Amino acid sequence: MKYDIIIKGGTVVTVDGQRRADVAIKGQKIAAVGTGLARASSNGATIIDAKGKYVIPGAIDVHVHLELPFCGTTSSDDWNTGTRAAARGGVTTVIDFAIPYGNESLETAFKNWRRKAKNKACIDYCFHMAITKWDKHGPEMEKMVKLGCPTFKEFMIYESEGWQSDDRAIFGALENCKKLGAMLLIHAESSRVLDELIARHHTPKLMKEYGACLHAITRPNYIEAEAIQRAVKWAEVTGGRLYIVHMSTADGADIIVEARRRGVDVYAETCAQYLVLDDSLFAKRDGHLYACCPQIKKKSDQKRLWAGLKSGEVCVISTDTCTFTRKQKAMWKGDWTKIPMGMPGLETLVPIVYTKGVLAGKMTMKQLVEKCCTNPAKMMGLYPLKGSLNKGTDADITIIDPKKRIKVDHRRMETNADWSPYQGWSLAGFAEKTFSRGRQIVDNYKFTGVNGWGQWLPRKRAGKL
Ligand code: URP
Ligand code: ZN
Ligand code: ZN
């Protein structure tokens, strides 16, 4: 067999373990993984020496918000800068959330999101469909699954955005998921008590005294825990598959273990920021920059989430990338309820997990591949096309030099954020090279891809682990 590219002699890491091997690419697919491929069939192939480097499946970030109208502005990374950032971080597929504007249908939201991504995306992508008007969107779920969108999202907060779902909507969506073989993703925060805590603290005196710290003060862990508990109950009685997005608390992880032990079909992701940042940051001069929903929690929560990744109750690491520039963040003017919520993350997902997880001895390289590449593909119905290095699958590949550290500096990154939560951190794990369907899109840590190369991916039914 004549190959186009052979990645030679790297340490190939998959969920099955790691070994020294060559990876051969033909067209857009992985053609072979084995030893001696370069020697036997190098005629005409481009040989890439990967000795001493990790070769892993491209990471999949299942939780991003590119160009999202939110909090009175629009998230600043669009489908171009966001996916360039992804590529540089070794991410080769993103899943965004198509959220209907006003009373639009799910199908219209789907078309809107496809329009936004087309000609801009540099890596492959797909969408979770956000159900914001239950009576209108519930009946559309079957059509969306047939179209290739088998994952739905409901928010338990964000009433003012017009996105909030009540228990009836969550219960009904889970019933439909059970029937359709789909999965419901939930943003779990308890809105009524949260609103009450916000109202109690929303005084000029407290805002002057506590500033951005009020974001954490008004969201104690029980705000997330109660909402997860309730959503889990609806999953338990309906039998619908539930996936808790951006889980940030130790309490949440405890609820998930317990529910899974009872046989509830529930999964949870966390995000890189909840593993490495804590709420002492809100007291800094620029503390408001770090505001996201749910907010970063305490070191004890970080510890529990790392443990949950190891034992399995947390199955995916994503980013919830929702970038806002300093100017956008400045809209808060001292009132924490007006901060645009979210932060950049795509470019640093794998480096954070590698440096703070693998190098710090909190997880193995195989587990990194599980949580950032293979589990996301399996959970979201992208496997086996994505998430592995198996013969015949898309040649989405990331090469990492385990020794190469780069100091994070937003000025040298692809994201258009003019700040980084990790500014100045020395991180290893950036992609030295990234391949998207056989095409090299990062070389020597620089983006070399093409706008519009990314394709929308129709998906099969949501999978299981
Ligand atoms: O702060 C965040 N997470 N912004 C994006 C919206 C969401 O809740 O995921
Ligand atoms: Zn959310
Ligand atoms: Zn989100």
Side-chain angles (χ1 to χ4, degrees), residues 60-78 82 86 94-101 109 113 125-132 151-165 169-170 184-191 194 198 212 215-216 218-219 223-224 227-228 231 242-249 252 268-275 277 279 281-282 287-297 316-325 328-329 331-332 336-346 349 376 380 415 417 419 421:
I60 300 172
D61 189 344
V62 305
H63 191 152
V64 307
H65 303 277
L66 302 175
E67 217 179 314
L68 174 69
F70 183 47
C71 296
T73 180
T74 298
S75 64
S76 67
D77 270 317
D78 68 3
V94 288
I95 314 187
D96 202 302
F97 295 80
I99 307 179
Y101 302 134
W113 254 251
Y125 56 91
C126 42
F127 318 121
H128 310 289
M129 301 308 306
I131 294 168
T132 54
T151 50
F152 297 88
K153 170 78 175 286
E154 288 186 334
F155 299 92
M156 292 170 89
I157 62 164
Y158 300 138
E159 189 173 18
S160 60
E161 300 283 351
W163 296 353
Q164 189 174 32
S165 287
I170 295 168
L184 182 65
L185 283 63
I186 285 277
H187 174 134
E189 287 189 291
S190 202
S191 72
L194 172 60
I198 290 174
H215 185 45
T218 52
R219 283 177 140 91
I223 292 293
E224 181 176 89
I228 292 179
L242 174 67
Y243 178 98
I244 304 296
V245 299
H246 52 44
M247 190 170 71
S248 62
T249 58
E269 75 176 14
T270 192
C271 304
Q273 59 270 29
Y274 301 120
L275 294 167
L277 302 178
D279 63 6
L281 286 168
F282 294 122
H288 67 289
L289 294 177
Y290 298 83
C292 55
C293 279
Q295 90 281 12
I296 45 177
K297 300 290 195 304
V316 168
I317 309 175
S318 67
T319 64
D320 196 8
T321 291
C322 191
T323 307
F324 295 105
T325 61
Q328 289 175 301
K329 288 275 184 180
M331 287 164 61
W332 85 304
W336 91 99
T337 65
K338 298 198 166 55
I339 310 174
M341 299 291 182
M343 35 180 151
L346 269 163
L349 166 65
M380 300 303 168
T415 169
W419 69 285

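In this chain, numbering begins with 1 at the start of the sequence shown. Ligands are counted one by one from 1 in listed order, and the atoms in each one are counted from 1 as well. Worth saying up front: this structure is predicted, and the values here are computed from it rather than measured.
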Any side-chain donor near an acceptor of the partner, Lys297 and Thr249, under 3.5 Å: no
Non-hydrogen atom of His63 closer than 4.0 Å to ligand 1: yes
Atom 3 (N) of ligand 1: nearest protein contact (heavy atom, Å): Asp320 OD2, 2.5 Å
Polar contact flag, side-chain donor to acceptor under 3.5 angstrom, Ser191-Glu159: no
Phe70 near ligand 1 by a heavy-atom separation under 4.0 Å: yes
Aromatic ring proximity His215/Phe282, centre distance under 6.0 Å: yes
Atom indices of ligand 1, in the order listed, that fall short of 4.0 Å to a heavy atom of His65: 5 (C), 6 (C), 7 (C), 9 (O)
Distance-only N or O hit between ligand 1 and His187, under 3.5 Å: yes
Which residue and heavy atom of the protein sit nearest atom 4 (N) of ligand 1, plus the separation: Met341 O, 3.0 Å
Residue pair Leu289 / Trp332, side-chain heavy-atom distance below 4.5 Å: no
Heteroatom N/O/S of His187 within less than 2.8 Å of the Zn ion (ligand 2): yes
Side chains of Val62 and Tyr243 in contact at under 4.5 Å (non-hydrogen atoms): yes
The Zn ion (ligand 3) to Asp320: nearest N/O/S atom name: OD1
Angular separation of NE2 (His63) and NE2 (His65) seen from the Zn ion (ligand 3), to 10°: 110°
Side-chain heavy atoms of Ser318 within contact of His246, under 4.5 Å: no
Closest to atom 8 (O) of ligand 1 among Phe324, Trp163, Tyr158 (heavy-atom distance): Tyr158
Ligand-residue contact atoms, ligand 1 with Cys292, heavy atoms, under 4.0 Å: 1 (O)
His246 neighbourhood, listing ligand 1 atoms whose heavy-atom distance to it stays under 4.0 Å: 8 (O), 9 (O)
Within-4.5 Å side-chain heavy-atom neighbours: Leu277 and Pro421: yes
Passing candidate, side chain to side chain contact (heavy atoms under 4.5 Å, CB included) with Asp77, options Leu68, Thr415, Leu346: Thr415
Between NE2 on residue His63 and CD on residue Glu269, distance to nearest 0.5 Å: 6.0 Å
Identity and distance of the protein heavy atom lying nearest atom 1 (O) of ligand 1: Cys293 N, 2.8 Å
